[in-house]
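My questions all concern the structure below.
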Amino acid sequence: MKKSWIIIGVIVILFFVLYRMFVGGYNSMVEKEEAVSGAWSQVENVYQRRSDLIPNIVASVKGEANFEKSTLVDVINARASATRPEIKVDPSKITPESVANFQQAQDGLSSALGRLLITVEKYPELKANKAFSDLRVELEGTENRIAVERKRFNEVVQDYNAFIRKFPKNIVASMFDFEKKGYFEATKGAEKAPEVKF
């Protein structure tokens, strides 16, 4: 009789451990995956804010009669490219490839905006324009927000990716198709310091 109680006790403990491992692990993965989706939504939110500022910036620069039209066209085309529906990332499928495609489109827009702001330096009356100056400050603030949200997203993704790769959670992750999420990475060439010549 005593032996059967020991066996039942061991089975109950084993069942409890397996239950905690599978159910607890699964629920934690769901929570962490939702945190990744939430962080991604914030990333998209700040990129959308930047995208919404661009028409106002283009409109204020268009008013300058001699301004280089090709620079404006580049910004408009880069914005159109960065907001294409196929660039949008489904929060439930944040793969390394989808993040890389999104980042590439956004980097193209960042580059075009950078060229626009450098070109503006040649036009003192445009630099003195209060509306343009306010938009420029707002754009700089948005770029800072983008950097903060990208960093936060990468931290949340790192936590999720590490969690699903640890043993024994990796068994549960593979059973329920929890897959590694993609990170934002530094732009190609960013590791090289710019060469300054006087």
Side-chain angles (χ1 to χ4, degrees), residues 3-53 78-113 141-193:
K3 203 176 199 183
S4 61
W5 280 111
I6 292 174
I7 292 171
I8 291 171
V10 168
I11 291 172
V12 167
I13 290 171
L14 187 59
F15 177 78
F16 181 73
V17 168
L18 289 173
Y19 177 82
R20 291 272 299 153
M21 184 179 89
F22 282 95
V23 174
Y26 177 83
N27 289 341
S28 294
M29 285 175 211
V30 168
E31 288 173 9
K32 290 180 182 296
E33 192 171 50
E34 286 300 315
V36 170
S37 295
W40 179 256
S41 294
Q42 278 304 107
V43 167
E44 284 185 319
N45 183 33
V46 291
Y47 273 114
Q48 184 62 50
R49 177 181 164 79
R50 177 175 76 172
S51 186
D52 291 346
L53 284 172
R79 180 182 184 264
S81 177
T83 56
R84 291 187 328 258
E86 60 269 19
I87 295 298
K88 189 151 176 65
V89 177
D90 178 357
S92 66
K93 297 178 183 132
I94 301 174
T95 63
E97 297 80 21
S98 64
V99 172
N101 289 339
F102 181 85
Q103 181 177 355
Q104 184 178 15
Q106 295 300 332
D107 287 348
L109 181 53
S110 295
S111 178
L113 279 171
T142 300
E143 292 296 333
N144 289 337
R145 288 179 184 158
I146 288 170
V148 167
E149 292 303 334
R150 281 174 51 150
K151 179 181 182 294
R152 183 175 170 274
F153 173 78
N154 279 349
E155 289 169 352
V156 172
V157 167
Q158 180 184 17
D159 180 53
Y160 167 83
N161 286 345
F163 189 81
I164 66 166
R165 291 181 62 212
K166 291 178 183 173
F167 182 81
K169 292 174 182 78
N170 62 342
I171 297 167
V172 177
S174 65
M175 287 174 59
F176 294 102
D177 294 325
F178 285 95
E179 295 178 355
K180 187 176 177 188
K181 306 291 184 188
Y183 292 98
F184 277 102
E185 297 178 6
T187 306
K188 299 275 187 243
E191 71 280 358
K192 296 177 187 169

Among Lys93, Glu33, Gln158, Lys32, which residue satisfies the side-chain contact (heavy atoms from CB on, under 4.5 Å) criterion with Lys181?
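Testing Lys181 for a side-chain contact (heavy atoms from CB on, under 4.5 Å) against Lys93, Glu33, Gln158, Lys32 leaves exactly one candidate, Glu33.
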
Ignoring hydrogens, what is the shortest heavy-atom contact between Lys180 and Pro96? Give both atom names and the distance.
O-CD, 4.1 Å

Taking every non-hydrogen atom, the tightest pair across Arg165 and Asn170:
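Looks like O-CB, 3.8 Å.
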
Is it the case that the side chain of Gln103 and the backbone of Glu185 share a donor-acceptor pair, with hydrogens and angles ignored and the cut-off at 3.5 Å?
yes

Spacing of Ile164 atom CD1 and Glu179 atom CD [to the nearest 0.5 Å]:
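The distance works out to 8.0 Å.
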
Under 3.5 Å, side chain of Arg84 to main-chain N/O of Ser81, donor-acceptor pair present?
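Answer holds: yes.
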
From CA spacing to verdict: side chain to side chain contact (heavy atoms under 4.5 Å, CB included), Leu113, Arg50:
CA-CA 10 Å; Leu113 279 171; Arg50 177 175 76 172; 3.8 Å; yes

Nearest heavy-atom approach of Tyr183 to Val157 is CE2-CG1, 3.7 Å

Tell me whether the rings of Phe184 and Trp40 are parallel (<30°), tilted (30 to 60°) or perpendicular (>60°).
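Plane angle under 30°, so parallel.
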
Apply the test side chain to side chain contact (heavy atoms under 4.5 Å, CB included) to residues Tyr47 and Ile146: give CA-CA distance (whole Å), side-chain angles for both, the deciding distance (0.1 Å), then the verdict.
CA-CA 7 Å; Tyr47 273 114; Ile146 288 170; 3.5 Å; yes

Just verifying a value: how many Å separate Arg49 CZ and Arg145 CZ, rounded to the nearest 0.5 Å?
4.0 Å

Hey, would you say the Phe163 and Phe178 ring centroids sit under 6.0 Å apart?
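Ring-ring flag for Phe163/Phe178: false, centres at least 6.0 Å apart.
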
Nearest 0.5 Å, what's the CD1-CG distance between Ile7 and Leu14?
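Here the interatomic distance stands at 13.0 Å.
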
Hey, could you give me the CD/CZ distance between Glu86 and Phe102, rounded to the nearest 0.5 Å?
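It comes to 13.0 Å.
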
Could you measure the distance from the OG atom of Ser92 to the CD atom of Glu34? Nearest 0.5 Å is fine.
9.5 Å

Exercise: identify the closest heavy-atom pair between Arg150 and Asp107:
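In terms of heavy atoms, the two residues are closest at NH1-OD1, 4.3 Å.
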
Would you check if the side chain of Ser98 reaches a backbone N or O of Ile94 as a donor-acceptor pair within less than 3.5 Å?
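Not confirmed, Ser98 side chain does not pair with Ile94 backbone.
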
Expected output: side-chain Ser28 to main-chain Gly24 donor-acceptor under 3.5 Å:
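At least one qualifying donor-acceptor pair exists.
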
Suppose we screen for side-chain contact (heavy atoms from CB on, under 4.5 Å). Which residues come up paired with Ser51, at least two apart in sequence or across chains?
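For Ser51 the side-chain contact (heavy atoms from CB on, under 4.5 Å) partners, ignoring immediate neighbours, are Gln48, Arg79, Thr83.
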
Ignoring hydrogens, what is the shortest heavy-atom contact between Ala82 and Leu109? Give both atom names and the distance.
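That would be CB-CD2, 4.1 Å.
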
